Trainee: 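My structure is below; once you've seen it, I'll send some questions.
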Amino acid sequence: HTPDTRAALDELYRVLKPGGRLILMMYHRNSANYRLRMFANHVRTGRAMGDLVRAVDGEGNPIGVVYSKAELRRLLGRFADVDCFAGCLQREMLPKLGRVIPEAWLRRFERRWGWFLYAKGIKPR
């Protein structure tokens with residue numbers, strides 16, 4: 001939740017020692033939560049998608065941004081061995097469908113459609 005993600009990542013890169021590890025979490029643009037639940041709320045309420053993302057952590061949250069895996073990889077271009085994967089797929093993120101989908105199936109698709117987009121990388125030596 002920073003207004004300048006690039007500047008924040010530049011600072012993380014600056015303070016990490018060579019060989020230091022970066023682990024972070026962003027919201028996932030291609031998640032079931034964003035593409036299904038938030039889109040349905042957008043259609044139902046007319047609220048902008050960005051407003052719905054900001055409201056995830058409270059109505060007073062000043063910023064919330066979603067990223068695709070490709071966008072996040074580009075942002076982390078200076079880091080080596082970057083690994084991006086999704087996680088956190090919960091029943092309430094799948095309107096109506098969530099009630100009938102077995103929990104094991106949710107786990108199976110979590111790394112594709114999860115709401116959180118995790119990234120790991122290493123500052124080159």
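The shown structure was predicted, so the numbers you read here are calculated from the model rather than taken from an experiment.
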Trainee: Would you mind reporting whether Arg47 and Asn41 have side-chain heavy atoms less than 4.5 Å apart?
Mentor: no
Trainee: Work out which heavy atom in Asn30 is nearest to a heavy atom in Ser68; give both atom names and the distance.
Mentor: ND2-CB, 3.7 Å
Trainee: CZ of Arg107: more than 12 outside heavy atoms within 6.0 angstrom?
Mentor: yes
Trainee: Say you draw a straight line from CG of Asp4 to CD of Glu11; how long is it, rounded to the nearest 0.5 Å?
Mentor: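 Interatomic distance, Asp4 CG to Glu11 CD, rounded to 0.5 Å: 11.5 Å.
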Trainee: Parallel, tilted or perpendicular: which fits the ring planes of His42 and Phe39, with parallel below 30° and perpendicular above 60°?
Mentor: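 The arrangement is tilted - the two ring planes meet at 30° to 60°.
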Trainee: Is the shortest side-chain heavy-atom distance between Arg35 and Arg29 below 4.5 Å?
Mentor: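 Side chain of Arg35 against side chain of Arg29, heavy atoms only: contact under 4.5 Å found.
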Trainee: Using 4.0 Å as the upper bound for N to carboxylate O, is an ion pair formed by Arg6 and Asp10?
Mentor: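 Salt bridge: yes.
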Trainee: Any side-chain heavy atom of Cys88 sitting closer than 4.5 Å to one from His28?
Mentor: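 No - every pair of side-chain heavy atoms lies 4.5 Å or more apart.
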Trainee: Can you see which heavy atom on Arg37 is nearest to which on Met93, and at what distance?
Mentor: CB-O, 3.7 Å
Trainee: For the CZ atom of Phe85 and the CD atom of Glu110, what is their distance to the nearest 0.5 Å?
Mentor: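 Answer rounded to 0.5 Å: 10.0 Å.
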Trainee: Run the side-chain contact (heavy atoms from CB on, under 4.5 Å) test on Phe116 and Asn33 for me, step by step, so that the C-alpha distance in whole Å, both residues' side-chain angles and the decisive distance to 0.1 Å come before the verdict.
Mentor: CA-CA 10 Å; Phe116 298 150; Asn33 192 42; over 6 Å; no
Trainee: Please round to the nearest 0.5 Å and tell me the distance separating atom OG of Ser31 and atom CZ of Arg112.
Mentor: 10.5 Å
Trainee: Linking Ile, Leu, Val, Met, Phe, Trp and Tyr by side-chain heavy atoms under 4.5 Å, what else ends up with Ile63?
Mentor: Leu9, Leu12, Tyr13, Leu16, Leu22, Leu24, Met26, Val65, Tyr67, Leu72, Leu75, Leu76, Phe79, Val82, Leu117
Trainee: Would you check if Val56 and Tyr34 make a side-chain contact, meaning some heavy-atom pair closer than 4.5 Å?
Mentor: no
Trainee: Could you grab the distance from atom CE of Met38 to atom OG1 of Thr45, nearest 0.5 Å is fine?
Mentor: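 Reported value, rounded in 0.5 Å steps: 11.0 Å.
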Trainee: Membership question, hydrophobic clusters at under 4.5 Å side-chain separation (ILVMFWY): are Tyr27 and Ile23 in the same one?
Mentor: no
Trainee: Should we count NZ of Lys69 as having more than 12 external heavy atoms under 6.0 Å?
Mentor: yes
